[in-house]
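Proteins get letters first, then strands, A, B, ... in listed order; numbering begins at 1 in each. From a predicted model like this one, the values you see are computed outputs, not experimental measurements.
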There are 2 protein chains.
Amino acid sequence: MAVYSGGMSRRTSPSPPAADASGRPLRADAERNRQRIITAAQEVFAQRGIEVTLDDIAHHAGVGVGTIYRRFANREELVEAIFDKEIQRVIELAEEALTREDPWDGLVHFFTAAGQDFAEDRGLREVLLVGSHGKDRVAAARDRLTPAINAVLERAQRHGSLRDDIEVTDFPLIQIMLGAATQRTKAVSQDMWQRYLTLILDALRTSRERPTALPQPALSQEEFDRAAP
Amino acid sequence: MAVYSGGMSRRTSPSPPAADASGRPLRADAERNRQRIITAAQEVFAQRGIEVTLDDIAHHAGVGVGTIYRRFANREELVEAIFDKEIQRVIELAEEALTREDPWDGLVHFFTAAGQDFAEDRGLREVLLVGSHGKDRVAAARDRLTPAINAVLERAQRHGSLRDDIEVTDFPLIQIMLGAATQRTKAVSQDMWQRYLTLILDALRTSRERPTALPQPALSQEEFDRAAP
DNA sequence: CGTAAATGGAGATGATTCCTCCACTTCTCT
DNA sequence: AGAGAAGTGGAGGAATCATCTCCATTTACG
C-alpha cells in the first residue's frame, strides 16, 4: 500500500548517493529506496512534526520499517540527516539578506523567507526554534546563524528603519510566535502567518504614520473554530 | 509523600462544598481532600498543561489516584471542573475592560490582563486557545467572550487609536503567539511575553512616532539556549 | 464503638513506540 | 542463466506509559 507521493517544495534537492560501510555503493534498488525514505521523511516531518513514528514515515515512503533501520541506525540519525540540510538553508537565507541594497528591505525579506520556510515545515520549527531535539547539531547551526541575523538587524538599525531595542534573540522568538499562529490556523489557511508578520514588522519600524495593509484577511469566527486541531 | 503546597495565585477561590449523589454532604475528610485535589489540579495543569497524568495530580495533592476517581468520574470531568472557573474569569476581564474610560487604555489593559492569565496558566492556554480539548464547553465560553472582545476592539477603533483592520479572531491568535513565546522562555524569565505584547501593541496602534519602551530586555543568546525545553 | 464512608496504590487493561529478526525477493556479476 | 550477496517487509518482542478498578485497611462520626 504505497503512499509515496513524489517531490515536495523547492527545498528538495536529491541527496548524493550513499555508500555502504565498506565503501561499496548501494545496490540500485536500495539507493532508490533510500531516496524515497528521505523524501518521505522530509514530507512527513514537515507536515506533522518530528514526533511522528518511523512506521508512519515507512508507510508514506512505501517501504517497510526494516528498510529504514537498514540505512539509519535509529530514529535520531534519520532526523539529523534531514535537518542538517534544512537548517543550512535558513543560514543561507540570512546571508543572502545582507546582499539586498536597502537594509529595511533586506530585513523584511529575511523575516519573510524564513517565515515561509518555518510555515511550511513544522519539523524545522520544532528542531530549530523549540530546542529540545538534537541540541548539539542545532547549537552549532545557531552559532553560524546568529552573526548573520545580527548583521541584518544592525544594518537596519544604523539605517534608522529598525527600532533600536531589537536584538538577535527577538528573531527566533518572533518566528516561534508566527509558528504558533501557523500551527493554529493552517488547517484553514496556509498563509495566516503573513498577516501577523506584517503586524510585527509594523511594530519593528522606528516610526510609521499609517498601518501597512495586511496581506491576509482575518479568520472569521467560524474559520477559527474549524481550524482547531 | 505529600507534596501539597498550599494556595496559588489570585485566581483561586475555594469551591463550594460538594454533596454526594444522594444529597448527603461529604464527610469532613473527604471534603478536605476534594479541595486539595482541585487546588493541586489547578497548579499542575497551570504549570505543565492538561496532558499531565492523574497520577501526577494525585501525588501533588498528597492523595491516591483512587481518591480522585471517587470524586470525578474520569479525567475529562476533572478538567472541566477546573477550567469552567478559569474561563469564566477571562470573560469577566473582557467585560471589565469596557468600563475603562479611555478606549485604547481599556484595550491595552485587557490584552495585558488576559496575557498575564495565559502566561501563568499553560492549561488555560491549551484549553481556551489551542482548541482540541473539551470542544463543547469551550465553544460555549467563546460565544460569551466574542461579543465582549468585539466591543473592546470596536470602541478603540471608533476612537481612532486601534487600526481598522483588526478583528475578533486576531485576539486569540495574538494570545496564542504570546503563549508560544512564554512557553519557550519561561524557564528563564516569567515575563518575556510582556516584551512581545508591547511590540504587538505598537503594531496595533493606528500610528506612532516613536517606539514604546519595552518592559523586558531581550534574552541573551545564552539565556535563550538555556531556556530550551 | 459500631458502621458506613473514604482511602491508597498495586496492578489489570489497553495503547503506543522503537527496533529486531528472518523467510523471502531482487539485484548483480560472472 | 544462475549462484550468491544484498536487500526487503512487516509481524511481533520489549519497554513504556496512562487510565481506571478493586479491595483490604483506615478514618470519621452519631
Nearest-angstrom distance from the residue atom [atom1] of [X] to [atom2] of [N]:
{"X": "A:Asp29", "N": "D:dG9", "atom1": "CG", "atom2": "C1'", "answer": "13 Å"}
{"X": "A:Ile37", "N": "D:dG9", "atom1": "CD1", "atom2": "P", "answer": "8 Å"}
{"X": "A:Glu51", "N": "C:dT16", "atom1": "CD", "atom2": "C1'", "answer": "13 Å"}
{"X": "B:Gln35", "N": "C:dA6", "atom1": "CD", "atom2": "P", "answer": "15 Å"}
{"X": "B:Arg71", "N": "C:dA5", "atom1": "CZ", "atom2": "P", "answer": "11 Å"}
{"X": "A:Ile57", "N": "C:dT17", "atom1": "CD1", "atom2": "P", "answer": "12 Å"}
{"X": "A:Tyr69", "N": "C:dT17", "atom1": "OH", "atom2": "P", "answer": "12 Å"}
{"X": "B:Glu77", "N": "D:dT19", "atom1": "CD", "atom2": "P", "answer": "15 Å"}

Are any of [X]'s side-chain N or O atoms less than 4.0 Å away from OP1 or OP2 of [N]?
{"X": "B:Thr67", "N": "C:dA6", "value": "no"}
{"X": "B:Arg70", "N": "C:dG8", "value": "no"}
{"X": "A:Asn33", "N": "D:dT8", "value": "yes"}
{"X": "A:Arg24", "N": "D:dA6", "value": "yes"}

Discussion item. Does the Lys NZ or Arg CZ of A:Arg184 fall within the cation-pi geometry relative to A:Phe224 - under 6.0 Å from the ring centre and within 45° of the axis?
Written reply: yes
Worksheet item: Under 6.0 Å from the six-membered ring centre of A:Phe72 and within 45° of its axis: does the NZ or CZ of A:Arg34 meet both?
Response: no
Discussion item. I'd like to know if B:Arg27 reaches the base of C:dA6 with its side chain such that a donor and an acceptor end up less than 3.5 angstrom apart.
Written reply: no
Practice prompt. Test for a donor-acceptor pair under 3.5 Å between the base of C:dT17 and the side chain of A:Arg75, counting only N and O atoms.
Written response: no
Response to the item:
The residue, B:Arg32 or A:Asp55, whose nearest nucleotide of DNA chain D is more 5′ is A:Asp55
Worksheet item: Hey, which of these two, B:Ala73 or B:Ala28, hits DNA chain D nearer its 5' end, going by closest nucleotide?
Response: B:Ala73
Practice prompt. Taking atom types as modelled, find out whether B:Tyr69 and B:Asn74 have a side-chain donor-acceptor pair closer than 3.5 angstrom.
Written response: no
Discussion item. In terms of relative ring orientation, are A:Phe171 and A:Phe111 parallel, tilted or perpendicular, with 30° and 60° separating the classes?
Written reply: perpendicular
Practice prompt. Return the 5'-most residue of the pair B:Arg34, A:Val52 with respect to DNA chain C, ranking by each residue's nearest nucleotide.
Written response: B:Arg34
Worksheet item: Are the charged groups of B:Glu31 and B:Arg27 less than 4.0 angstrom apart, N to O?
Response: no
